[in-house]
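Everything numeric here is computed off the predicted structure, so don't read it as measured data. Sequence lines set the chain letters: A, B, ... in the order given, protein chains first and strands last, and positions in each chain run from 1.
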Number of protein chains: 2
Amino acid sequence: MWAVIEALNYSPHPAARGLATRRTNTLGLVLRDISGEFFGPMLRGIEAGTRENGFDLLIHCTNRFEGDATPAQYALSEHNSDGLLVFTDSLDEAELRRLYRAQFPVVLLHRSSPPGLNIPCVSFENKSGARKLIDYLIEVRGYRRIAFLAGPEGTEDSYWREMGYREALAAHGIAFDPTLIEVGGFDEIQGKMGVKRLLERETAVDAIFAADDDSAIGVLEGLREAGLRVPEDIAVVGFDDIRLSKHLTPPLTTVRAPIETAGREAVRQLVNLVRSGTAERLVLLPTELVIRHSCGAP
Amino acid sequence: MWAVIEALNYSPHPAARGLATRRTNTLGLVLRDISGEFFGPMLRGIEAGTRENGFDLLIHCTNRFEGDATPAQYALSEHNSDGLLVFTDSLDEAELRRLYRAQFPVVLLHRSSPPGLNIPCVSFENKSGARKLIDYLIEVRGYRRIAFLAGPEGTEDSYWREMGYREALAAHGIAFDPTLIEVGGFDEIQGKMGVKRLLERETAVDAIFAADDDSAIGVLEGLREAGLRVPEDIAVVGFDDIRLSKHLTPPLTTVRAPIETAGREAVRQLVNLVRSGTAERLVLLPTELVIRHSCGAP
DNA sequence: GCGTTTACTGTAAGCGCTTTCAAACCGAAA
DNA sequence: TTTCGGTTTGAAAGCGCTTACAGTAAACGC
């Protein structure tokens, strides 16, 4: 029997099998886009996770193009996958609700469940990571006027990092100063623009906490163009510890976020959800302080 | 009619449709693994390309795990995709031949067609890029003893870069010296190990041409650990111009390879092949010299 | 030896769609 | 009114698989 199968090198037809079993053996990943340093490691983790569990991976970016005719399409759904990994805000709440009502397995990555939905999430310990970082800047490096350059509006990772920042300030009796907050984005350009706006304000700044390393790169650039030395004139720290960070000039103090592990873990939860219907409601992966020269450390 | 469809929010079942039409509306991407800085931009290009053309993207890594039970599986094939994008050597020649005989649309990325098969390929102008780079090192910077740190055995990108290197030497009457060749790999670790082996030989070296930027990073590290200054004691150049390169210390002289464009172009060729059965046999995307401080330029 | 359970094999239905083909329909020309 | 071309509509077949079920054979206990 198997010999015959081998001889004819037969392989079953996934579409037919999918039709009959009503399972696709495929997991879907929904992203807004694939840009920035973040996605390489994340994809690596996700791909590894799906493969280890014998699933295929279908990727879809929901980002619209300039002048595209097609309306918002939810290309990935119960029809072509057994479960969905949803990154941040790549799927709107209505679709999330629909999938939830349909009891379709979904795991959220770096985004929490909309109220009432109880969808499992995987993210980092953003708050405590930021807390450790700012504690260090205050206690060890002696900075008091620390600016926060936030990520994109509505990004939860950025929100919790800001909460950690505020908590650290409060714990050391430093009043929160709104003029030290500037919105940025999770990329180099926005980081650079953000720091320029910050400098125009002419408030004293000891250190800048960029919401992620990508934007910290822009901050370094912006400061260099403004003729300021890092860390002598102003210290810079980021979050994520992407591969570039240790190669920057100066090497960037940051918080290491296990990006790849988060991807793998999200798949693990999703596979559990698909197979046994259970998953942990919230998984927060630990972060770790990484001290380099950009904060003034030797 | 459409109102009813809207009202019931009906959406067709891809598996059933696939069964009936014998088309999947999906393109497959076969990789060995997703590591290194190269894959981010490449995936970005490929994803954009597939989406613009209304196809889905299925990704599969053929890399084996330690002690995995499953034999070499060709998860992606005529059953679940309308065409395949094959990156370098992620698929063996036998499978390539089988797909070719079955007239299944395949486009190769950074790898040329096995003899007799005539499968379309998309790659960079590696040879002329390397030629420009080495010409510059010889003519402008005056180096004569330039080492080449090759990529992984059998990698065509590396092969053609070496050919460009040799051509440049020959054109300037510099004899090819095998002791200046060292094998490395397309990653940091291998680059570092390669440069250490090179230094142990105690041949005079003016400059090191690493086959890609990832390994050039390892070279920089290796030289730093050996107490050598770049570019004062020894110059270093790479190939690809990945995002890190300009942030390195010193910033890396390299050749810009349009990684993302190559991905997008490969999809374009594949879509043509799927839709009209035609594609260009070979597309080589132009590369561009990027001069930074690591080669001794100010 | 017979009735009963267990195992195995084969058959048919059906998954949700496309596609083909035939039948029905409609308007225009004879 | 009849006839013909063209269009619309409906029904049926089939894509390649799974699965449930019936049917047959084999094994078992009394």
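The side chain to side chain donor-acceptor pair (under 3.5 Å) test applied to Thr24(A) returns Asp82(A), not counting sequence neighbours. For Thr261(B), the side-chain contact (heavy atoms from CB on, under 4.5 Å) partners two or more places apart in sequence, or in a different chain, are Pro258(B), Leu285(B). Every side-chain contact (heavy atoms from CB on, under 4.5 Å) that Ser77(A) has, sequence neighbours left out, goes to His79(A), Asn80(A), Arg98(A).
Axis orientation changes by 50° from one end of the helix from dG1(C)-dC30(D) to dA30(C)-dT1(D) to the other, with each end axis drawn from 5 pairs and the value rounded to 10°.
Taking only side-chain atoms of Ala16(B), from C-beta outward, the nucleotide of dC15(C), dG16(D), dC17(C) with the closest atom is dC17(C). For His13(B), taking side-chain heavy atoms from C-beta onward, the closest of the listed nucleotides dC17(D), dC15(D), dC17(C) is dC17(C). Listed nucleotides: dT18(C), dG16(D), dC15(C). Nearest to the side chain of Arg17(B): dT18(C). With dC17(D), dC17(C), dG16(D) as the choices, the nucleotide that has an atom nearest any side-chain atom of Pro12(B) turns out to be dC17(C).
Checking side-chain atoms of Arg44(B) against main-chain N and O of Ile34(A) turns up a donor-acceptor pair under 3.5 Å.
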Can you check nucleotides 10-14 of chain C for protein contacts, nitrogen or oxygen pairs under 3.5 Å, and list what you find?
none

Inset, instruction - Can you check each nucleotide of nucleotides 8-13 of chain D against protein heavy atoms at under 4.0 Å and return B for base, S for sugar-phosphate only, - for none, in 5' to 3' order? - result: ------
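Side-chain N/O atoms of Asp157(A) and Ser123(A) include a donor and acceptor closer than 3.5 Å.
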